[in-house]
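The first residue of the sequence shown is numbered 1, and numbering continues consecutively from there. Remember, predicted model here, so these are calculated numbers, not experimental data. Order of listing sets the numbers, starting from 1, for every ligand and every atom in it.
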Amino acid sequence: MTRDDGFSPDERAAVYRCIAERRDVRRNFRPDPVPDDVLARVLGAGHAAPSVGFLQPWNFIVIHSAATKEALHAAFTRANAEAAAMFEAERATLYRSLKLEGIREAPILLCVTCERDRAGPVVLGRTHQQEMDIYSTVCAVQNIWLAARAENLGVGWVSILSLADLHAILGIPAHIVPVALLCIGYIDHFEATPDLERAGWRQRLALADLVFEERFGATGGALVDG
Ligand SMILES: Cc1cc2c(cc1C)N(C[C@H](O)[C@H](O)[C@H](O)COP(=O)(O)O)c1[nH]c(=O)[nH]c(=O)c1N2
């Protein structure tokens with residue numbers, strides 16, 4: 001089979017396996033460094049993401065230093081205390097038992113940002129939906145997450161930090177939006193199910209309940225099972 005013939009069954013299986021076995025990882029990072037060539041491939045996957053008007057609005061801030069990690073962890077701790085207080089009593093107790101970041105343990109942190117005005121105010125495809133540049137950056141994050149899984153690297157997205165703290169700690173200019181802070185590193189074992197599912201926080205929904213035909217709310221019927 002040549003490249004032009006499309007994906008072989010094995011290649012296709014590998015892609016679906018990568019999607020199914022990607023996890024949000026926030027514990028048990030090994031301290032082993034991530035080789036530069038591996039990180040470069042993962043960043044290349046991010047940069048290969050689709051983007052509105054081919055804007056490529058992202059930057060990637062690679063963080064190794066313990067001092068920066070400590071500052072980010074302190075920011076997480078502040079935000080996480082505020083977050084816990086937002087849930088009802090029983091839920092708050094469960095929330096406080098969850099491990100929701102691996103900022104200090106991960107050998108690398110990666111902040112993915114979005115420069116919204118990279119190509120001026122009028123962008124092909126963003127004219128009627130202003131958020132498309134942010135969504136494009138999220139596409140880069142997902143590419144990174146999947147490529148990292150294929151490299152056997154765990155990735156955890158930490159969003160329990162204020163944007164103001166991210167701007168201040170990472171020196172991000174005011175006009176650039178921090179979109180994702182990712183904890184990245186090797187782990188020994190990828191779980192088969194999400195941490196939050198195993199902790200009893202929330203279960204996976206049935207796909208069949210989420211697929212509609214023609215109009216929102218009209219159940220999809222035979223298209224997908226369970
Ligand atoms: C935009 C966004 C933001 C966050 C997350 C995800 C996404 C997409 N997730 C991870 C989230 O909990 C996880 O993806 C789901 O629980 C499903 O698990 P798997 O990713 O399939 O392992 C996440 N997890 C966590 O422990 N702390 C966090 O701050 C966040 N923030």
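When all heavy atoms are compared, the tightest approach of Asp24 to Gly156 is OD1-CA, 3.4 Å. Listed here is the closest heavy atom pair of Pro57 and Thr137: CG-OG1, 3.5 Å. Minimum interatomic distance between Asp195 and Arg27 (heavy atoms only, all atoms of both residues): OD2-NH2, 3.3 Å.
Using a 4.0 Å cut-off between a side-chain N of Lys or Arg and a carboxylate O of Asp or Glu, Glu101 and Lys99 qualify as a salt bridge. Under 4.0 Å is where a charged nitrogen must lie from a carboxylate oxygen, and between Asp165 and Arg78 at least one such pair does.
In terms of polar-atom proximity, Asp195 is not counted as a contact of ligand 1, lacking any N or O under 3.5 Å from an N or O of the ligand. The shortest N or O to N or O distance between Leu196 and ligand 1 is not under 3.5 Å. By the 3.5 Å distance cut-off applied to N or O atoms, Arg204 is not counted among the residues near ligand 1. Checked by distance only, ligand 1 and Lys99 stay at 3.5 Å or farther apart across all their nitrogen or oxygen atoms.
Looking at Ala79, Cys183, Ser159, it is Ser159 that brings a heavy atom closest to atom 4 (C) of ligand 1. Among Asp24, Val138, Ile19, the residue whose heavy atom lies closest to atom 11 (C) of ligand 1 is Asp24.
Nearest protein heavy-atom contact of atom 21 (O) of ligand 1 is Arg23 NH2, 2.7 Å. At the top of the distance list for atom 8 (C) of ligand 1, counting protein heavy atoms only, stands Trp157 CE3, 4.0 Å. If you check which protein heavy atom lies closest to atom 27 (N) of ligand 1, you get Leu100 O, 3.0 Å. At the top of the distance list for atom 17 (C) of ligand 1, counting protein heavy atoms only, stands Pro194 CB, 3.7 Å. Looking from atom 6 (C) of ligand 1 to the surrounding protein, the closest heavy atom is Trp145 CH2, 4.1 Å.
Residue-level proximity to ligand 1 for Arg26 is carried by the side chain, the only part with a heavy atom below 4.0 angstrom.
Near Ile160, meaning under 4.0 Å from one of its heavy atoms, ligand 1 places the atoms 29 (O).
Checking side-chain atoms of Arg96 against main-chain N and O of Ala81 turns up no donor-acceptor pair under 3.5 Å. Not one N or O on the side chain of Asn59 forms a donor-acceptor pair closer than 3.5 Å with the backbone of Thr113.
When hydrophobic clusters are built by joining Ile, Leu, Val, Met, Phe, Trp and Tyr residues whose side-chain heavy atoms come closer than 4.5 Å, directly or via intermediates, Leu39 is grouped together with Val155.
A cation-pi arrangement is not found for Arg26 relative to Trp157, the charged atom failing to lie both closer than 6.0 Å to the ring centre and inside a 45° cone about the ring normal.
Using cut-offs of 30° and 60° for the angle between ring planes, the Phe76 and His73 rings count as tilted.
The shell of residues lying under 4.0 angstrom from ligand 1, judged by heavy atoms, includes Arg22.
Counting only heavy atoms, the protein gets under 4.0 Å from atom 25 (C) of ligand 1.
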